[in-house]
*Asks:* 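A single structure is presented below for examination.
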Amino acid sequence: MTSTNNIKKKLIEVAIPLEAISAGSSYEKMPGIGPHPRGIHHWWARRPHVACRSFLFAQLVDDPSSDPAQFSTEEAQQVERNRLFNIIERLSDWKNSHDEELFREARVEILRSCNGTLPSVYDPFSGGFSITSEAQRLGLPAHGSDLNPVAVMIGKAMIEIPPRFQGLKPVHPGPSDRNHYRHAEGLAEDVTYYGERVRQRAVERIGQLYPKVDLPKELGGQKATVIAWIWARTVPSPDPAFSNVRVPIASNFVLSTKKGKESWISLEIDKATKTIQYRIRKGGTKAEIDKAKEGTKVGRANFVCPISETAITPEYIKECGLKGELGQTLMAIVADGKGGRIYLPPSQHHEDVAFSQVSEWKPEAEFFQQGLGFRVGNYGMSKWSDLFTQRQIVALNTLGEIIKDVRGEIEVAALAGGMADSEPSLRDGGVGAKAYAEAVSIYLAFGIDRAADFNNSLVRWSSSNEKPMNLFGRQAIPMVWDFAEANILADVVGGFAPATEYQAKCLSRLITDTPGVAWQHDAQSVIYGPDAVISTDPPYYDNIGYADLSDFFYVWLKRSISDVYPDLFSFIQTPKSEELVATPARHGGGKAAEQFFLDGMTKAMRSMALQASAEYPLSIYYAFKQSEIEKDGISSTGWATFIQAIIDAGMYISATWPVRSEQTSRIRGIGSNALASSVVLVCRKRDENAISVSRAEFLRALKRELPAAIAKLQVANIAPADMPQSAIGPGMGVFSHYKTVLESDDSPMSVKTALQLINRELDEYLGGIQGEFDADTRFAITWFEQHGMGKGDYGTANSIATARGISVDSVKHAGIVESAAGKVRILTRDELDEDWDPEEDRHLTVWECLQHLVGRHEKDGISHDTAVLLKKISTQAEAVKDLAYCLYDISANKRKDAKEATAYNALIADWTELTKAAAAIHDTSGDRQIRLDI
């Protein structure tokens, strides 16, 4: 990768429709949006597919400023930019994921900017293969690699295998679903068909382990299919008088919270016989149900013995676990009824059956008990087999054995259907009957993994949805005290056949016109092809222990398909020592882990910089932990270490784009460890002749260049919450263009220090905005910063007003404050005049305009009335937007008022749409009747 002044700037380096990408990313994370590539196999912290394809498009397409001959003015450039934005906005809509006309249009634009040749995209940290699968959807040759064999298998299943068999009819002997097959639709149909075949074989072998349940006479007296068994862990009572009684440690006794169908478990205690009976209760008072929600829990890992009321401490539970004295008892049975779920008391027969068979094989590999997010090791669990019940191990192992048998049937059916000779195998590039049978078996093995996610002893029962919830709802393996065991052989959530059917639907929606390659390699030494376009999503410092978590799936995949890809499954577990994650327990402490991450990531980034095409920037994703942001802001250790690796690799950062991929209705609590937002860094190789400068010279350059860059970000309506990350781009662009920035003692300035200086300049810029507002608004800003909406002394208020050349009476006359009895306070939005009209106000202030607009937006969102109000204050609109940025900064960072900050952030997030709506309004006069410009 060489540096040259003749390189054209790409759209991603100048401007993108960030709001549309964030909105599309949030939508994609919502449940119930239909089949999605992530349904093929679980992976942790995937990047949203709409974001991947949008950023890839912007990474490849020229910015109009790169062609001054055709776009000679800024106005002309912006018109062309808006046209390209329109394409990105449509790419960002998940509902357009199968609009092949849209993707053809996108390919035409890419070809125009790439000299008529579609470049190859490489991702050396492929993980869930979101980036490469979206490169493939755009028609680009896709290449992905990862050190983790589970990730590589996901990649093969998503980008490598489907194109080999695209457009083929299914080979199964049953009736076909359709006459014409496109992409991987035929392959997907075979996965569904043979998934059911595997289930049927499993029922023949182990169906007796999953018996039906007898319904009571009042419910028909027939047999019903069991959906799930609800278990609680048990320990011997710590009371010596009842030490021979195993008592439940359950965090919840509620089975259903649906209105009119409330059901819960009650305990009947007989101290004389030292027995506990579990009964099913329906309805009940609020107090009874609230009590049931507590189970036997009285605090974090603190329980109480239901017989003696003796405390069961965390220490006691851990001691029992280490001694192997943690047991389980059946509390309830959930059956499928005509009117919905039927909750039944436990049956001794059902409990006995669950332990009636032992598997000859089980996953005995040990997991790393100090891995990131692991908690179960504290309770005596050390092997993967410890996470499953005896019956679950039998079922999962049996399914794996049957898949091997069924693979031969698939090959025979493929040959009978006219497919080419059996050889070579899938791993050798085969496209014949043998390779096809192996391909189907891989997706069936993925079905076992999906079923295992719902069939382990750490699965919670959701009383609101009345179904089991999979273990990996987050990136950890937490302890669960009461759990749901799904009926893996039934057509229920957690069942094997529904798992393969859903995976097949996801598979059928892939676009397979372009070949892809997935292979195992570490990112530090991987060899890219010529003119590589690199877009990647590396590990996030210490957020997720991918290797430790993925062993949960690896042990089952190894059992069922290790002979298909023996090289990937030649080890007992996934590679750990080379994984680029800062795990203190693995590397001997926090400092050593940080250095390991920095060294490895720098080497990986340097390899990218050396091999990437000079024609295109690199795009690199980074995701924050919310707790990092709350603690250290944008200078957090993980973030700073990551950027340091990029700069040490010889690259500079030209832009940063934060993407909010969480659902917009969700407000994260302080201290949450969830990945709140991703930042896409846009990088190029630094000039080899770059010079070193002093700290003072860097600060002068920062003050000279950063304000204009921030102003452009505001014009682009970057949400205030995203401004700190967005400002990093131009700020680090200044810093990283230099060879080094030298401190007063000639030591190189750290990235963490540079980030803090950039943040300080951002604060000064936002504070400087205040001088451009009217005096009443400047008074209100200062008062709000000091007192919020609370009262303060008149004398203090008078001093603030006098310093601004006005009086408190002026601010009161403007309708901003209340002044009485020697106290002053700002009026809340609810207290403002409902009949206020900016066109009639003779003492108009920016403060009042913003508060009325925020109030209307909080109430109605992007509505007719909100747009009318914005139209009426159009002469003040830019100042109103500036004030929203300013008040967000005060609310979020100084007053720590999340609710108030959210209100300003939401307004700016919708600013573009509001502006469009306001522009369409022709007249605001009269009785609020308006007409639109059509």
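Along the sequence shown, residues carry numbers from 1. Values reported hereafter were calculated over all heavy atoms of this structure, with side chains retained and with hydrogens, waters and symmetry mates removed.
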*Asks:* Out of Val376, Leu458, Asn456, which one pairs with Val480 under the side-chain contact (heavy atoms from CB on, under 4.5 Å) rule?
*Replies:*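 Going through Val376, Leu458, Asn456 one by one, the side-chain contact (heavy atoms from CB on, under 4.5 Å) with Val480 is satisfied by Leu458 alone.
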*Asks:* Would you call Pro211 and His350 a side-chain contact if the rule is heavy atoms closer than 4.5 Å?
*Replies:*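 Yes; the side chains approach each other to less than 4.5 Å.
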*Asks:* Would a distance-only check, ignoring hydrogens and angles, find a side-chain to backbone donor-acceptor pair under 3.5 Å from Asn465 to Lys467?
*Replies:*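 Flag not set: sc Asn465 to bb Lys467 has no pair under 3.5 Å.
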*Asks:* Do the ring planes of Phe446 and His41 sit parallel (below 30°), tilted (30 to 60°) or perpendicular (above 60°)?
*Replies:* perpendicular
*Asks:* Should we say atom CD of Glu309 is surrounded by more than 12 heavy atoms from elsewhere, each under 6.0 Å from it?
*Replies:* no
*Asks:* What is the minimum heavy-atom distance between Ser25 and Val659, and which atoms define it?
*Replies:* OG-CG1, 3.6 Å
*Asks:* Is a donor on one side and an acceptor on the other found under 3.5 Å between the side chain of Asp860 and the backbone of His857?
*Replies:* no
*Asks:* State whether the number of non-hydrogen atoms from other residues, nucleotides or ligands found under 6.0 Å of Lys297 atom NZ is greater than 12.
*Replies:*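 For Lys297, atom NZ is crowded (more than 12 foreign heavy atoms under 6.0 Å).
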*Asks:* Roughly how far, to the nearest 0.5 Å, is the CG atom of Asn455 from the CG atom of Leu399?
*Replies:* 9.0 Å
*Asks:* Could you tell me whether a side-chain N or O of Thr310 sits under 3.5 Å from a main-chain N or O of Pro238, the two making a donor and an acceptor?
*Replies:*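 Judged by distance alone, no pair lies under 3.5 Å.
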*Asks:* Between Glu319 and Lys323, is there a salt bridge with N-O shorter than 4.0 Å?
*Replies:* yes
*Asks:* With a 6.0 Å cut-off on the ring centroids, do Trp44 and Phe472 count as close?
*Replies:* yes
*Asks:* Counting only N and O atoms by type, is there a donor-acceptor contact under 3.5 Å from the side chain of Ser130 to the main-chain atoms of Arg46?
*Replies:*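 No.
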*Asks:* About how many Å separate NE2 of His42 and CG of Asp453, when rounded to the nearest 0.5 Å?
*Replies:*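 With rounding to 0.5 Å, CG (Asp453) is 6.0 Å from NE2 (His42).
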*Asks:* Is the shortest heavy-atom distance from the side chain of His49 to the side chain of Arg38 under 4.5 Å?
*Replies:*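 Side-chain contact under 4.5 Å: no.
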*Asks:* Determine whether a donor-acceptor pair (N or O, by modelled atom type, separation under 3.5 Å) exists between the side chain of Asp897 and the backbone of Ser891.
*Replies:*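 It does not hold such a pair.
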*Asks:* Taking salt bridge (Lys or Arg N to Asp or Glu O under 4.0 Å) as the definition, give me every residue that meets it alongside Lys293, ordered by chain and number, with sequence neighbours left out.
*Replies:* none
*Asks:* Ignoring hydrogens and angles, tell me if any N or O in the side chain of Gln390 forms a donor-acceptor pair with the backbone of Gln357 under 3.5 Å.
*Replies:* yes
*Asks:* Would you call Asp270 and Lys274 a salt bridge, taking side-chain N to carboxylate O under 4.0 Å as the test?
*Replies:*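 Lys274 and Asp270: not salt-bridged.
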*Asks:* Using a strict cut-off of less than 4.0 Å between a Lys/Arg side-chain nitrogen and an Asp/Glu carboxylate oxygen, indicate whether Arg205 and Glu401 qualify as a salt bridge.
*Replies:*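 Looking at Glu401 together with Arg205, the answer is yes, because their closest N to O distance falls below 4.0 Å.
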*Asks:* Do any N or O atoms from the side chain of Thr296 and from the backbone of Pro248 form a donor-acceptor pair under 3.5 angstrom?
*Replies:* yes
*Asks:* If only atom types and distance count, is the side chain of Ser26 paired as donor or acceptor with the main-chain N or O of Ser22 below 3.5 Å?
*Replies:* yes
*Asks:* With a 4.5 Å cut-off on side-chain heavy atoms, are Leu209 and Leu489 touching?
*Replies:*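 Counting from C-beta outward, Leu489 and Leu209 never come under 4.5 Å.
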*Asks:* Start with the C-alpha distance between Trp43 and Val150, add both sets of side-chain angles, then the distance that settles side-chain contact (heavy atoms from CB on, under 4.5 Å), and finish with yes or no.
*Replies:* CA-CA 9 Å; Trp43 191 256; Val150 176; 4.0 Å; yes
*Asks:* Centroid-to-centroid, Phe552 to Phe388, below 6.0 Å?
*Replies:* yes
*Asks:* Under 6.0 Å between ring centres, would you say that holds for Phe253 and Trp481?
*Replies:* no
*Asks:* Find the distance between NE2 (His36) and OH (Tyr502) and round it off to the nearest 0.5 Å.
*Replies:*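 Rounded to the nearest 0.5 Å, the NE2-OH separation comes to 8.0 Å.
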*Asks:* Are the charged groups of Arg281 and Glu288 less than 4.0 angstrom apart, N to O?
*Replies:*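 Answer for the salt bridge query: yes.
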*Asks:* Is the number of heavy atoms from other residues, nucleotides or ligands within 6.0 Å of CD (Glu360) greater than 12?
*Replies:*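 No, not enclosed.
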*Asks:* So is Arg391 actually on top of Trp229's ring, under 6.0 Å and inside 45° of the axis?
*Replies:* yes
*Asks:* Do Lys95 and Tyr27 form a cation-pi contact, if we require the NZ or CZ to be under 6.0 Å from the six-membered ring centre and within 45 degrees of the ring's axis?
*Replies:*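 Verdict for Tyr27: a cation-pi partner in Lys95.
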*Asks:* Between OG1 of Thr234 and CD1 of Ile312, what distance do you get to the nearest 0.5 Å?
*Replies:* 10.0 Å
*Asks:* Please walk me through it: do Phe496 and Val198 pass side-chain contact (heavy atoms from CB on, under 4.5 Å)?
*Replies:* CA-CA 9 Å; Phe496 172 76; Val198 170; 3.6 Å; yes
*Asks:* Under 3.5 Å, is there a donor-acceptor pair between the side chain of Ser457 and the main chain of Leu387?
*Replies:* yes
*Asks:* Please list, chain by chain and in numerical order, all residues satisfying salt bridge (Lys or Arg N to Asp or Glu O under 4.0 Å) with Lys859, sequence neighbours excluded.
*Replies:*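 Partners of Lys859 under the salt bridge (Lys or Arg N to Asp or Glu O under 4.0 Å) test: none.
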*Asks:* Using the benzene-type ring in the case of Trp, are the ring centres of Trp461 and Phe483 under 6.0 Å apart?
*Replies:*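 So the answer is no for these two rings.
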*Asks:* May I have the step-by-step check of side-chain contact (heavy atoms from CB on, under 4.5 Å) for Leu557 and Tyr554, ending in yes or no?
*Replies:* CA-CA 5 Å; Leu557 289 174; Tyr554 181 84; 5.7 Å; no
*Asks:* For the rings on Trp556 and Trp361, is their centre-to-centre separation under 6.0 Å?
*Replies:* yes
*Asks:* Would you mind writing out the side-chain donor-acceptor pairs for residues 328-345 within the sub-3.5 Å range, not counting sequence neighbours?
*Replies:*
| from | atom 1 | to | atom 2 | distance (Å) |
| --- | --- | --- | --- | --- |
| Arg341 | NE | Glu466 | O | 3.0 |
| Arg341 | NH2 | Glu466 | O | 3.4 |
| Tyr343 | OH | Leu255 | O | 3.3 |
| Tyr343 | OH | Glu466 | OE2 | 2.6 |

*Asks:* Taking atom CD of Gln222 as the centre, report whether more than 12 heavy atoms of other residues, nucleotides or ligands fall under 6.0 Å from it.
*Replies:*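 No - once you tally the heavy atoms of other residues, nucleotides and ligands closer than 6.0 Å, there are 12 at most.
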*Asks:* Any salt bridge linking Arg199 with Glu196? Criterion: basic side-chain nitrogen under 4.0 Å from a carboxylate oxygen.
*Replies:*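 Counted as a salt bridge, because a side-chain N and a carboxylate O are separated by less than 4.0 Å.
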*Asks:* Working to the nearest 0.5 angstrom, can you tell me the gap between Gln277 CD and Arg279 CZ?
*Replies:* 5.0 Å
*Asks:* So does Lys383 pair up with Glu364, basic N to acidic O under 4.0 Å?
*Replies:*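 Yes.
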*Asks:* Flag the pair Glu325 and Arg246 as a salt bridge only when some basic side-chain nitrogen lies within less than 4.0 angstrom of an acidic carboxylate oxygen.
*Replies:* no
*Asks:* Donor-acceptor pair, Asn397 side chain versus Ile393 backbone, under 3.5 Å?
*Replies:*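 No; zero donor-acceptor contacts below 3.5 Å.
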*Asks:* Counting C-beta onward and ignoring hydrogens, is there a side-chain heavy-atom pair between Glu858 and Thr902 closer than 4.5 Å?
*Replies:*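 SC-SC contact between Glu858 and Thr902 ruled out.
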